[in-house]
Amino acid sequence: RPGPVEDDHGCLLAAEDAGVRSAAFVARLYVGRTSDDPALLKMLRDKSPAVRRTAAFYFGTHGTKSAAPGIMRLLDEDDLETRKGALLALGRLKHPPAVEPARKAISDENSGLRRAAAVALTELGESDGAAELTRLLAADDRRTCRLAERPSIEEPDDFIGRIEVLRESRKSETQRLQWMKEAAEA
């Protein structure tokens, strides 16, 4: 039997405000519910793109493979941020049916969507993703993006490792500076 906190989250999942629904989703996920809880999976069909994005992100992060079909549907959305989030989540889930939509997205006019598609393809083990992401990173004027491509990242496993280093480096400025120093010395 769910406790009062879980009952509150259940009610909040249906709240009118999208921010409240997103927060309730995250809270419910972290109070011991499994990420394949039907009430959480339902959030991929929420009326708000922000809630659907939040759900896709957390399902991808938690490795919830049962969410992959619902996340695939998000690739057809009008909302660009939702499509980017869906591609990234599907890449993290290593969901093979996402390969073709990701390849299609690589030719999109939006560079953010192209980058998300390239990351997804790379995480799916597709070499064309690593090549495209290397090209996109080389064209990016942000220093951390340029450093991500050094040294050569021809091996997808090495590239995924560098992406993980970049993600982790965001957690701490000190870690990021240390990584940049090591990369510059390499």
Side-chain angles (χ1 to χ4, degrees), residues 13 18-19 21-22 25-26 29 34-142 144-146 148-149 152-168 170:
L13 289 173
R21 290 194 308 276
S22 287
F25 170 88
V26 174
L29 191 62
T34 61
S35 56
D36 61 353
D37 175 351
L40 296 179
L41 291 168
K42 182 180 174 186
M43 301 310 284
L44 289 169
R45 295 186 310 274
D46 191 87
K47 61 186 174 185
S48 166
V51 173
R52 294 189 300 270
R53 271 195 309 275
T54 299
F57 171 79
Y58 280 97
F59 288 138
T61 301
H62 286 271
T64 310
K65 294 194 181 283
S66 60
I71 296 171
M72 285 289 291
R73 286 191 292 276
L74 300 180
L75 295 174
D76 296 326
E77 298 235 350
D78 290 333
D79 183 70
L80 177 66
E81 295 302 316
T82 300
R83 291 195 324 263
K84 286 174 14 183
L87 282 168
L88 293 170
L90 291 164
R92 286 185 197 113
L93 293 173
K94 307 221 182 303
H95 189 61
V99 170
E100 288 312 311
R103 282 199 174 120
K104 182 179 174 190
I106 275 191
S107 62
D108 193 88
E109 64 186 35
N110 182 279
S111 64
L113 188 63
R114 289 193 309 269
R115 189 176 301 117
V119 169
L121 285 170
T122 302
E123 290 186 328
L124 286 159
E126 302 292 317
S127 60
D128 54 338
E132 179 64 13
L133 194 50
T134 299
R135 190 187 71 68
L136 289 168
L137 289 172
D140 195 311
D141 64 352
R142 293 176 292 188
T144 53
C145 290
R146 288 193 315 271
E149 67 176 293
S152 175
I153 53 172
E154 293 160 2
E155 296 297 319
D157 288 339
D158 178 53
F159 186 71
I160 291 169
R162 288 191 154 295
I163 290 172
E164 290 302 318
V165 169
L166 281 174
R167 283 184 186 147
E168 290 300 315
R170 291 181 184 148

Query - pair Phe25-Val51: side-chain heavy atoms closer than 4.5 Å - result: no
Query raised in the report: For Ala18 and Ser48, which heavy atoms make the closest approach, and how far apart are they?
Result: CB-OG, 3.4 Å
**Report entry** Whether over 12 other heavy atoms sit under 6.0 Å from Lys104 NZ
**Finding:** no
Query raised in the report: Which is it for Glu126 and Glu132 under the side chain to side chain contact (heavy atoms under 4.5 Å, CB included) test, yes or no, and what are the steps along the way?
Result: CA-CA 10 Å; Glu126 302 292 317; Glu132 179 64 13; over 6 Å; no
Query raised in the report: With distance as the sole test, does Lys65 use its side chain to make a donor-acceptor pair with the main-chain N or O of Leu93 at under 3.5 Å?
Result: yes
Query - Full working for side chain to side chain contact (heavy atoms under 4.5 Å, CB included) between Leu74 and Arg83 - result: CA-CA 6 Å; Leu74 300 180; Arg83 291 195 324 263; over 6 Å; no
**Report entry** Lys/Arg-Asp/Glu bridge criterion (N-O < 4.0 Å) met for Lys94, Glu123
**Finding:** no
Query - Rounded distance (nearest 0.5 Å) linking atom CG of Leu121 with atom CG of Leu87 - result: 8.0 Å
Query raised in the report: Would you call Glu109 and Arg114 a salt bridge, taking side-chain N to carboxylate O under 4.0 Å as the test?
Result: no
Report summary line: On a heavy-atom basis, the closest approach of Ile106 and Ala117 is CG1-CB, 3.8 Å
Query raised in the report: Does the Thr64 side chain pair with the main chain of Ser66, one donor and one acceptor, at a distance under 3.5 Å?
Result: no
Report task. Output yes when Arg53 and Asp79 qualify as a salt bridge under the 4.0 Å nitrogen-oxygen rule, no when they do not. Result -> yes
Query raised in the report: So how far is it from Leu90 CG to Leu75 CG, rounded to the nearest 0.5 Å?
Result: 5.5 Å
Query raised in the report: Which heavy atom of Pro97 sits nearest a heavy atom of Met72, and at what distance?
Result: O-CE, 3.4 Å
Query raised in the report: Which value, rounded to the nearest 0.5 Å, describes the distance between Arg92 atom CZ and Phe57 atom CZ?
Result: 5.5 Å
Query raised in the report: In Å, rounded to the nearest 0.5 Å, how long is the span from CZ of Arg52 to CZ of Arg21?
Result: 9.5 Å
Query raised in the report: If we only count heavy atoms from C-beta on, is the Leu44 to Phe59 side-chain gap below 4.5 Å?
Result: yes
Query raised in the report: Is any side-chain heavy atom of Met43 less than 4.5 Å from a side-chain heavy atom of Ser22?
Result: no
**Report entry** Validation row: Pro49, Glu81 side chains within 4.5 angstrom (heavy atoms)
**Finding:** no
